[in-house]
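Reviewing the structure listed below.
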2 protein chains.
Amino acid sequence: MKFTEAKSKFIQTWGALGSQWGINKTMAQIHALLMISPEPLSMEDIMEELQISRGNTSMNLRALMDWGIVFKEYKPGERKEFFTAEGNIDELARKIAKERSRREIKPTLRVLQDISAIDGSESSKAAHFKAKTEELYDFVSRADNMLEKIIDQKENWITKTIMKLMG
Amino acid sequence: MKFTEAKSKFIQTWGALGSQWGINKTMAQIHALLMISPEPLSMEDIMEELQISRGNTSMNLRALMDWGIVFKEYKPGERKEFFTAEGNIDELARKIAKERSRREIKPTLRVLQDISAIDGSESSKAAHFKAKTEELYDFVSRADNMLEKIIDQKENWITKTIMKLMG
DNA sequence: TAAATGTTTCAATATGTTTTGAAAGTTTAA
DNA sequence: TTAAACTTTCAAAACATATTGAAACATTTA
């Protein structure tokens with residue numbers, strides 16, 4: 001396979017993966033492009049490379065910066081803004097895990113806690129509901145704790161975690 | 001909060017969570033409904049409760065059965081088919097993790113392996129690309145292994161994993 | 001066998017999301 | 001201060017995905 005082909009395949013694959021995980025395609029593609037670029041890229045570069053509009057590029061760069069996985073850079077003598085992706089993959093994964101926990105798991109836990117507070121003696125259906133949602137709360141909350149434990153092992157967390165699990 | 005309100009809130013929340021994770025809303029809602037129902041439900045029951053069409057119900061029930069987290073049941077004397085959700089939450093999580101690994105992580109690994117096989121000596125850009133995709137392959141493959149290790153601890157895997165991580 | 005009961009399929013439609021591009025906004029340099 | 005260089009915003013348009021519902025299909029019972 002040629003470099004250009006491999007590059008395009010990588011960007012497409014990363015984009016498709018993003019969609020499956022609720023991240024929009026362009027956002028994932030911009031991230032892919034920045035990740036494999038040895039040099040910071042300008043907005044123009046990105047637009048040109050991915051053939052997308054200025055507005056689209058701008059909005060998705062902002063979203064990536066909100067996630068903390070893309071950074072703005074200034075080059076001396078250049079008025080344009082340049083962008084780079086988090087280069088360390090461990091760090092990248094930690095940031096994504098943290099954000100998803102904050103944006104999705106934590107709010108879900110709050111809802112589960114709220115609704116499992118209903119009166120279970122009202123009916124047997126209510127009792128079953130209460131039991132199930134409590135069980136779910138318990139599970140999700142443990143899973144979230146586990147996630148935190150794993151990603152809090154600053155360096156080389158994947159390797160460290162596997163080691164501990166094998167012991 | 002009243003039972004009916006709590007129930008509807010649960011179904012809505014589960015549906016929204018599903019969308020964020022690339023699972024369609026109705027599919028997640030049907031699953032939520034079955035999960036909190038003490039009795040198996042018929043297609044009619046589901047249509048009525050969620051106010052959705054027969055076709056939609058049928059397709060999403062099939063998808064849930066493909067995932068192995070909803071089962072078809074027959075009641076003696078009844079001609080209709082009834083449906084139940086996997087009742088054990090640990091088992092539910094294991095099945096979902098397994099399926100996502102199979103459907104998404106494994107194919108991504110194959111692509112990463114393919115594209116990181118390019119000739120890196122062609123240019124410094126190609127070299128950087130090769131290095132990055134190799135690094136990514138390495139990481140994703142370790143993460144997938146970790147996931148497998150975690151979910152292979154049949155019972156109470158969440159608790160077991162936390163214990164090991166604390167030691 | 002035909003009628004009744006039930007399920008699946010799929011083209012058309014509705015709904016939801018992303019993308020565009022031009023206008024408005026911002027910053028810099030002279 | 002004004003013009004030039006650049007970025008952001010947002011309504012409209014394009015695109016993608018989910019949903020409907022009626023017809024086709026399957027199974028059971030009489």
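The shown structure was predicted, so the numbers you read here are calculated from the model rather than taken from an experiment. In what follows, chains carry the letters A, B, and so on, assigned in the order in which the sequence lines appear, proteins first and then strands, with residues in each chain numbered from 1.
Distance, B:M59 CE to D:dT17 P: 14 Å, rounded to whole Å. Summarising the geometry, the separation between NZ on A:K75 and P on D:dA5 is reported as 19 Å, rounded to the nearest angstrom. In this structure, CD of B:Q20 is placed 11 Å from P of C:dT17, rounded to the nearest angstrom. A:N24 has its CG atom 15 Å from the C1' atom of D:dT17, to the nearest Å. As a whole-Å value, the separation of B:E81 CD from D:dC25 P is 19 Å. Protein atom CG of A:N56 is 13 Å distant from nucleotide atom P of D:dC15, rounded to whole Å. At whole-Å resolution of the value, CE in B:M65 and C1' in C:dT7 are 10 Å apart. One atom, CD of A:E78, and another, P of C:dA29, lie 12 Å apart when rounded to the nearest Å.
With A:W67 as the aromatic partner, A:R62 does not meet the cation-pi criteria of under 6.0 angstrom to the ring centre and within 45 degrees of the ring axis.
Of the candidates B:L61, B:T57, B:I52, B:T26 forms a side-chain contact (heavy atoms from CB on, under 4.5 Å) with just one, namely B:I52.
The side chain of A:R79 sits closest to C:dT27 out of C:dT27, C:dT8, C:dT19. For B:R54, counting side-chain heavy atoms from C-beta on, the closest listed nucleotide (C:dT8, C:dG6, D:dC6) is C:dT8. Of the candidate nucleotides C:dT9, D:dT19, C:dT19, C:dT9 has the atom lying nearest to any side-chain atom of B:R62.
Between A:K25 and A:F83, the residue anchored nearer the 5' end of DNA chain D, judged by the nucleotide with its closest heavy atom, is A:F83.
A salt bridge links A:E49 with A:K7: at least one charged nitrogen is closer than 4.0 Å to a carboxylate oxygen.
For the OP1/OP2 pair of C:dT19 and a distance below 4.0 Å, the side-chain nitrogens and oxygens of A:T26 include at least one atom meeting the criterion.
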